[in-house]
Every structure is written in structure tokens, then in C-alpha cells.
2 protein chains.
Amino acid sequence: MAGIHDVAKMAGVSASTVSNVINGRAGKMRAETRQRVLEAIEALKFTPNSAARQLKSGHNTTIGLIIPSVANPFWGAIAHQIEQATRKRGYRLLICNAERDPEVEQSYAETLIGSGVMGVILGSSPLNFDHLKDLIARGLQVAAFDQRARESGSGVACSVSVDQELGGLLSAQHLIGHGHRRIGILTGPVRTNSRIGRVEGVRIAHARAGIPFDESLLWQGGGVSGFGDMQGAELGRIGVRELLSRENPPSAIVCGNDMFAIGAYAGARDLGVSIPEELSIVGFDDIALSELVFPPLTTIRQPTAAMAEMVVDLLIHCLEEVGAPREDNFVNIRPQLIVRGSTGPARRRPNRE
Amino acid sequence: MAGIHDVAKMAGVSASTVSNVINGRAGKMRAETRQRVLEAIEALKFTPNSAARQLKSGHNTTIGLIIPSVANPFWGAIAHQIEQATRKRGYRLLICNAERDPEVEQSYAETLIGSGVMGVILGSSPLNFDHLKDLIARGLQVAAFDQRARESGSGVACSVSVDQELGGLLSAQHLIGHGHRRIGILTGPVRTNSRIGRVEGVRIAHARAGIPFDESLLWQGGGVSGFGDMQGAELGRIGVRELLSRENPPSAIVCGNDMFAIGAYAGARDLGVSIPEELSIVGFDDIALSELVFPPLTTIRQPTAAMAEMVVDLLIHCLEEVGAPREDNFVNIRPQLIVRGSTGPARRRPNRE
DNA sequence: GATCTATGGTGTATCGTAACACCAACTGAT
DNA sequence: ATCAGTTGGTGTTACGATACACCATAGATC
């Protein structure tokens with residue numbers, strides 16, 4: 001492996017000059033010298049050793065992304081968009097899978113900080129950031145994605161999120177507007193701020209319409225320890241079957257995300273229940289698939305491309321200008337209800353009682 | 001940020017001893033000393049700086065994964081499984097999105113090598129590895145995933161892949177067995193070895209059955225420059241509409257992957273064509289979604305979990321034992337036909353001629 | 001009592017780069 | 001002729017962890 005000195009020797013200059021060439025300080029030398037150095041770099045296939053580089057400069061241009069699961073297309077798409085946004089700004093992205101497990105998250109964050117990363121985007125929407133407090137104290141900048149980091153006490157530098165509560169509200173209002181009175185919820189464990197917000201929105205919609213929300217219709221799948229991110233669709237399938245087998249089943253279901261909804265399609269089919277005639281379903285996220293399944297899924301759209309650009313912008317800003325976080329570092333975006341074919345008027349319910 | 005010296009000072013030992021503690025050379029010191037060091041590490045929240053560490057040792061325990069697109073659930077799942085396998089072996093994984101673009105691939109590979117990564121798993125199945133030749137010459141170990149690296153001239157260290165040709169063969173044979181005589185193919189540009197293999201398999205099945213393969217039914221979407229990995233489903237939708245609008249449309253379609261197939265479902269629906277009664281569809285990959293869509297998708301299963309373990313094993317082996325690559329570093333796995341509901345007997349075709 | 005050998009450490013060079021303080025040579029003005 | 005300013009560099013040091021050679025002390029052996 002060629003080092004900067006080899007290049008310097010070949011070009012007949014000092015290592016410092018080579019360093020200057022590499023780092024674009026073109027004004028510091030003659031064009032001719034620069035050319036010679038460039039040729040030597042080319043000839044020796046020299047790549048600056050980033051370990052050494054960041055050892056000296058103390059930081060690097062990599063940011064980390066910690067998400068629940070790349071296996072969920074929503075997070076896959078997000079990762080993809082964040083990666084693009086990151087690359088456009090001259091940074092690189094390190095993607096980590098943490099399954100929402102605080103320990104794994106912490107371990108990855110430590111790994112990241114150890115490799116010089118100073119900024120991390122966290123997609124898991126945890127209830128608190130205690131597990132990262134030490135890291136934050138050591139200078140790690142954390143951007144929360146998927147929840148608004150309200151109390152500045154958390155130490156989070158910035159956040160970008162859809163207004164989860166509004167999303168839940170919109171989906172439930174849409175259903176209520178169609179005459180649905182018993183609305184179920186299918187979600188992973190309601191132990192993250194994003195899910196809490198969504199469920200709360202559904203409750204508020206009920207309250208506003210003067211309809212009681214039956215807590216027994218809140219189905220949470222994903223086990224005691226897990227969060228059901230990997231197997232969202234499978235859980236949706238199971239959950240819907242369970243809800244529909246009840247005494248007094250719901251006529252509509254709000255899903256924690258689109259994968260749950262797609263699983264719910266399968267579960268409803270298993271039972272011979274047709275959508276939207278007998279059961280209305282609303283998703284959340286608006287992944288690309290939502291439009292392709294049948295019936296096309298009514299869902300809450302998160303403008304992920306714009307959000308990706310935004311977090312990356314905010315985080316890099318926090319990284320480069322070490323000012324105190326301002327209030328507008330915490331962005332809340334209005335989600336949008338996309339009405340497609342999976343929701344319809346509530347049919348007269350065969351009154352069993 | 002605490003360094004090793006701060007820890008050393010606090011524990012009243014030298015930096016060397018701290019280093020020994022960190023690196024598990026427990027025999028080198030008294031248990032009591034070790035304990036003191038450990039406590040100091042804890043108190044100072046010390047994380048070894050991996051940049052400095054790998055500067056000295058020259059390498060690190062990170063491997064890279066370069067895939068076409070995390071936005072495709074197949075690759076998302078693969079990334080997830082490779083990440084798990086990697087972590088189990090004490091390595092970390094750097095995931096990169098390269099869209100099959102040789103230039104982006106090369107740039108990421110350079111970035112990776114610059115950050116000390118010595119092994120990369122490549123999922124893009126390119127026709128050749130010329131763009132990585134220089135990097136390989138500089139010591140980068142490349143594992144090909146999704147294609148068998150036949151000629152050792154490529155410099156690839158190992159490979160794990162499903163037998164693509166066999167996959168194509170199985171899917172086409174299944175359809176031919178159901179009486180289909182006009183079989184279409186829906187795929188991204190046939191400019192990667194994996195796709196070439198799959199298509200070739202379909203051709204072979206035709207040849208064996210003595211049926212001519214109509215080349216005009218090979219639909220390739222994804223543009224001249226792109227590879228159609230991000231928008232597979234969208235392309236499948238467009239492609240199927242195009243094929244079905246022909247004079248003499250196919251009665252069955254083999255799809256390049258499951259996302260194409262799912263898109264094809266939507267396209268067929270757009271045209272009011274029912275699956276499998278009027279059109280049979282076979283996918284490739286067997287992603288989790290395949291079982292959930294309706295009708296459940298007949299597809300070719302790639303045993304991704306096992307394959308992920310295998311590549312990681314092989315690559316780490318190549319990394320650690322610097323022996324010459326043996327023949328069994330190149331694994332070819334038999335894919336499996338999973339028959340579900342999207343394929344059925346060919347109906348009598350309304351003979352338009 | 002002298003020497004040997006574990007045991008349990010320490011001191012320091014080293015990795016490849018960047019930052020920073022220099023400096024040589026030339027130009028043009030006085 | 002002298003000086004200031006500019007251009008185009010050079011030399012040295014520091015970054016943080018590690019490997020390796022080295023060393024101090026205690027107890028064992030002759």
C-alpha cells in the first residue's frame with residue numbers, strides 16, 4: 001500500500017505538498033507541481049488512509065444511521081434516501097440495524113463514536129434517550145427521526161418527524177367519516193413515542209366525534225421483548241384474524257404501518273372477509289408497495305424524501321456550526337391522508353346482540 | 001474525550017497495561033490490576049479510538065456490503081441477515097448503496113479500503129470486475145454474492161450464489177408443465193450475470209421441451225443507464241401491460257424478481273386480467289411479501305439466511321487465512337421452486353389469428 | 001550468597017496524515 | 001541596493017493505540 005510519502009518521493013515534493021493537493025488547497029502550489037503529484041497519485045493508486053487522516057483531524061465526514069430494521073421496506077427506502085442526501089453533501093453513511101434494542105443501539109453508537117462519527121440519526125423513536133446520554137455527553141450529536149424530541153433535556157440535537165398524532169387523527173377521522181364506529185388498531189408494542197402518538201391521535205379522533213374507543217381493540221404484536229419491526233406483515237396477518245374473531249369485531253382497522261396493513265390484507269383473506277366492503281383498512285407511511293397491492297391502500301403519507309434531506313441538513317448543520325440547538329432544529333411535518341381503495345363506508349353491521 | 005492515557009493515569013498503571021486489558025491479554029497482569037483498570041474505563045466512559053487502533057494494526061474488523069438498492073426488500077433482508085452474521089463473528093458491517101453503477105461501486109470500494117476495510121461483499125453481479133481490479137490488486141478481498149465467479153482471473157476471492165440458470169429453468173419448466181406455450185419475461189436490463197443466467201435458464205427449458213422462445217416477449221425495463229432496482233415493482237406494472245397488449249400475448253410470465261411480480265399483479269389488474277386464470281406469474285427470490293400478496297406468489301426461493309452465513313464465513317476465512325482461494329470458495333446453491341397460487345394451467349387461448 | 005526465572009509490568013517507536021510554523025526565491029517599488 | 005509582499009513550497013510535530021523490547025522485583029534453586 002502506497003502512503004503519502006511514496007507519492008511525495010515519486011513526484012519529487014514533500015508530503016505536505018501532497019497533502020495540500022489532496023485537500024484541494026490548489027492555491028498553495030504551481031499547477032505544474034500539482035499535475036506531477038496527481039500523476040504520481042494515479043500511478044501509485046494511492047488512497048488516503050482515512051484512519052490516519054481522522055486520527056489527526058479528530059473527526060470525519062461520516063454519519064451514522066441507526067434504524068429498527070432494514071428488512072422493512074419503509075426503513076429501506078429511508079436509508080436509501082438518507083444515504084443519497086448524505087452523499088450529496090460529501091458525507092458518507094454507516095447504516096446500522098438495531099431492532100430498537102437499547103443495548104444494541106448503545107453498542108452501535110459506541111462503535112460509531114469510536115470510529116470517529118460525531119453525528120447519528122436515530123430512527124427508533126425510543127421513550128427516552130438515557131441509553132445514549134453518556135455518548136451525547138461525550139459529544140455525539142443525535143438527530144431523532146420519527147419523533148419530535150420535545151424536552152431539550154434529552155440532549156438530542158435536532159429532530160425531524162411527521163406529526164404522529166395528527167397522522168393517527170387523520171386516519172381515524174377518515175374512518176369515522178365513513179360511518180365506522182368500532183375501529184381497531186394493529187400495531188407493534190406501543191412503547192415508542194411514534195406509536196404512542198399515532199394511537200393517541202386515534203383516541204382524540206374518537207373523543208372529538210363523541211365515540212367511545214374500545215381499548216380491547218388495540219392489538220399489539222411483537223412479543224414482550226421485541227418490537228415487531230422485522231415481521232410486521234406477519235403480525236398484521238395474525239392480529240387481524242384475532243380481532244375479527246371477536247364477539248363484536250371492528251369494521252375498520254388502523255394499522256401501525258403499511259406492512260401491518262399488507263399483512264392484514266392476507267389475514268382478512270384467510271377469513272374470507274373482503275376489503276373494503278366488509279373491513280376498511282388504513283395504513284401508515286405510504287411505502288411504494290401501498291399503491292400496488294389490491295385494493296390500493298388508503299394510508300398516511302410521510303414525505304420521506306423531503307424528511308431525509310431535512311435531517312441530514314439539520315444534523316450536518318449541528319455538526320459544523322457548534323452553536324446551541326435552536327428551537328427550529330425540531331421539525332414537525334404534517335402528514336397527509338392518501339385515500340385509495342382499502343377504505344369505504346361501514347356496512348350495516350349484522351347485529352349479533 | 002478520554003484517551004488511553006487518562007485511563008492509565010486514573011488506574012495508576014501505564015498505557016500499555018490498559019491496552020493489554022482492552023485486548024483481553026488477561027494473563028499479563030494481576031486480576032486486581034485488571035479490575036482497577038476496568039473501573040477506570042467505566043468511570044471515564046472510555047472507548048478505544050478505532051482510528052488510532054487500526055492505524056497501527058493496519059486493518060480492522062469491518063467488512064463492506066455493496067448492494068444494488070436497500071429499497072428493494074430482497075436486498076433489505078439480505079443486508080439484515082448479512083449484518084447479523086457479521087456481528088455474530090465479531091465484525092461490523094458497512095452497508096453501501098451503489099445502484100449497480102460501476103463508478104459508484106468503485107468509489108465506495110475505494111472509500112471502504114481507505115477506511116481500512118479489507119473485505120467487501122458485492123451483490124450487483126456485474127459482467128466483469130474490471131472496475132475493482134485495481135482495488136483487488138491492492139489487497140481488497142471481494143466476495144461475489146448473486147453470481148458464481150467462474151474464471152479465477154477476475155480476482156474475486158469467493159462467491160456464494162444460487163444457481164441462477166437452474167432457477168430460470170425451474171420456473172419455466174413449471175409453466176411449460178402447465179401447458180403454457182408463450183412465456184414472457186419481465187426483468188431489468190439483462191446486463192448482469194444473474195439476469196443473464198435466469199433468462200438463459202428459461203431458454204433452456206424451452207429448448208428441452210421443444211418449444212420456441214419468442215425473443216420479443218423478453219421485456220427489459222430500467223432505462224439505458226439504470227438497472228431498475230429501485231423501481232422494480234413500477235417496472236413490472238408497466239411491462240406486463242405492454243406484453244399483454246401485444247397481438248399475441250403471453251399466457252405466463254417469468255419475473256426477474258418478486259418485486260417485478262408484485263408490480264405485474266397490479267398491471268394485470270389494471271387490464272382486468274385475472275391471475276392465475278388468465279395469466280400465470282412466477283417470481284424469483286421468495287421475499288417475505290410473496291406469501292402475503294394475493295394470490296400468493298409462485299416463486300423461486302433463494303435460501304438467503306443460509307447464503308448470508310456462508311458468504312460471511314467464506315469472506316472472513318479469506319481475510320484471516322491468506323491462502324490461495326480454493327475451488328470450494330465458490331459455492332453454487334440449488335434454488336427451490338415454491339408453488340403457490342399465482343400459476344395454473346394455461347386456458348385455451350382465444351385464437352385471434 | 002549468587003544466579004535464574006517467572007510475574008507483572010513500563011517506555012518508546014510506530015503507523016499515515018494534517019496543521020502549523022517556517023523559509024527560499026522571486027517580483028516590484030522605492 | 002534594500003525591503004515588503006507574494007508564491008510555492010518544506011520540516012516537524014502531534015494524533016491515540018499498539019507491539020515489542022526491555023526491566024524491576026520476588027521467590028526458587030543451587
Under 3.5 Å, is there a donor on one side chain and an acceptor on the other for [X] and [Y]?
X: A/R100; Y: A/S124; answer: no
X: B/S194; Y: B/Q147; answer: no
X: B/Q141; Y: B/H317; answer: no
X: A/T62; Y: A/R92; answer: yes
X: A/E105; Y: A/H131; answer: yes

Check [X] against [Y] and note the closest heavy-atom contact, atom names and distance.
X: A/L140; Y: A/V117; answer: CD1-O, 3.8 Å
X: A/D146; Y: A/S161; answer: C-OG, 3.3 Å
X: A/I136; Y: A/S154; answer: CD1-O, 3.7 Å

*Does any N or O in the side chain of A/N97 come within less than 3.5 Å of the main-chain N or O of B/H80, such that one atom is a donor and the other an acceptor?*
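It does not hold such a pair.
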*asked:* Does the protein touch nucleotides 11-16 of chain D at the base, only the backbone, or not at all? Give it as B, S and - per nucleotide, heavy atoms under 4.0 Å.
replied: BB-BBB
*Return the residues of residues 17-42 of chain B meeting this criterion: a heavy atom under 4.0 Å from some atom of DNA chain D. Order them by number, or give none.*
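Output list: B/S19, B/N23, B/R25.
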*How long is the span from the CD1 atom in B/I82 to the CD1 atom in B/I67, to the nearest 0.5 Å?*
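So the gap between those two atoms works out to 8.0 Å.
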*Residues that B/R87 engages under salt bridge (charged side-chain N to carboxylate O under 4.0 Å, His left out), provided they are two or more places apart*: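 B/E83.
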Donor-acceptor contacts under 3.5 Å from residues 27-41 of chain A side chains, at least two apart:
| from | atom 1 | to | atom 2 | distance (Å) |
| --- | --- | --- | --- | --- |
| A/R36 | NE | A/A11 | O | 3.0 |
| A/R36 | NH2 | A/A11 | O | 3.2 |

_Reading DNA chain C in the 5' to 3' direction, which nucleotide is the first one with an atom under 4.0 Å from a heavy atom of chain A, and which is the last?_
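Terminal contacting nucleotides, 5' to 3': C/dG16 to C/dA19.
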_Angle of first-five versus last-five pair axes in the helix from C/dG1-D/dC30 to C/dT30-D/dA1, to 10 degrees_ =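 Inter-axis angle at the ends, rounded: 60°.
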